[in-house]
Amino acid sequence: MRISPEIQDQELIPLLREGSKDAFRILYDRYGMKIHRFALSYLKSDYDAEELVQDVFLKLWIKRDFLNVSGNIRAYLYKVAVNSIYDFIRKKNLELAFQEFANGQPDDNDSTWDEVVYNDLAAQLNQLMAEMPEQRRKIFKLSKEKGLSNDEIAESLGLSKRTVENQIYRATAFLKDKLKRNSVLSLLFFYLFC
């Protein structure tokens, strides 16, 4: 059954809940460009705005079974768009914080948000490293923070090269295991240490 493009939003919701691709297409045609313009005003990138529109409508399709039949679909779409814009901006700020973290302390000109994210990530990584045995932590820091070779570490600590290699392997395995649950820290770890 073909749906008239003039159909009201309220009439589209039950059809969408039943899985009607035509109802979905009408909503996309009706609101896609409007959400794109709305997103573009915040994101300043046509590509990012288009990605956001795709994300909004993907969420609509996935959550169609839970739509309120008497609800306002336009308000729902804009609410999803606003939340997606917020998430996008937050993600971009985290990416900037990662770059700063990898390059050392944040600059004095950076925003408070970046400093908070940087300090939080550093604290979490330091907390995990504090859980390691002292010698393992010391060897790992000499390798990853100071950039010393395994031979240099072995010589400075009076250990065999094999012991140093083993401790670095165990430290890396420990951090990988702990960071599986936190994709942000995991990304940072692999960016910095692998």
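Just so it is clear, the values below take in all heavy atoms, side chains as well, and ignore hydrogens, waters and symmetry mates.
- If you take CG on Leu142 and CD1 on Ile153, they are separated by 5.0 Å, rounding to the nearest 0.5 Å.
- Between the side chains of Ser20 and Glu18, not a single donor N or O lies within less than 3.5 Å of an accepting N or O.
- Interatomic distance, Lys161 NZ to Asn166 CG, rounded to the nearest 0.5 Å: 14.0 Å.
- Under the 4.5 Å side-chain heavy-atom criterion for Ile, Leu, Val, Met, Phe, Trp and Tyr, Leu40 and Val82 are members of distinct hydrophobic clusters.
- Heavy atoms only, all atoms of each residue included: Leu52 and Ala39 are closest at CD2-CB, 3.6 Å.
- Expressed to the nearest 0.5 Å, how far CG of Leu27 lies from CG of Leu12 amounts to 5.0 Å.
- Here the straight-line distance linking atom CG of Leu16 with atom CG of Asp9 works out to 11.0 Å at 0.5 Å rounding.
- Remark: Arg170 CZ is loosely packed, at most 12 non-hydrogen atoms of other residues, nucleotides or ligands lying under 6.0 Å away.
- Going from atom CD of Gln167 over to atom CE of Met132 covers 10.0 Å, rounded to the nearest 0.5 Å.
- Taking both residues in full, the closest heavy atoms of Asn150 and Glu165 are given as ND2-CG, 3.3 Å, listed atom of the first, atom of the second, then distance.
- Asn72 and Tyr78 form no side-chain donor-acceptor contact under 3.5 Å, judged by distance and modelled atom types alone.
- Scanning all heavy atoms of the two residues, the minimum distance from Phe88 to Leu43 falls at CD2-CD2, 3.2 Å.
- Listed by first and then second residue, the side-chain hydrogen bond (donor to acceptor under 3.5 Å, both in side chains) pairs that reach into residues 32-44 are His36-Asp46, sequence neighbours excluded.
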Carefully, step by step, assess Glu134 and Arg137 under the rule salt bridge (charged side-chain N to carboxylate O under 4.0 Å, His left out).
-> CA-CA 5 Å; Glu134 184 178 347; Arg137 179 175 59 247; 5.1 Å; no
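- Partners of Glu155 under the side chain to side chain contact (heavy atoms under 4.5 Å, CB included) rule, at least two apart in sequence or in another chain, do not exist in this structure.
- Under a 3.5 Å cut-off, the side chain of Glu11 and the backbone N or O of Gln8 do form a donor-acceptor pair.
- Closest approach of Lys59 to Ser84, counting heavy atoms only: NZ-OG, 3.4 Å.
- Interatomic distance, CD1 of Ile35 versus CD1 of Ile85, reported as 9.0 Å (0.5 Å rounding).
- Under the salt bridge (charged side-chain N to carboxylate O under 4.0 Å, His left out) criterion, Arg74 pairs with no residue at all, not counting sequence neighbours.
- Glu50 and Gln54 form a side-chain donor-acceptor contact under 3.5 Å, judged by distance and modelled atom types alone.
- Scanning all heavy atoms of the two residues, the minimum distance from Phe140 to Ala171 falls at CD1-CB, 3.5 Å.
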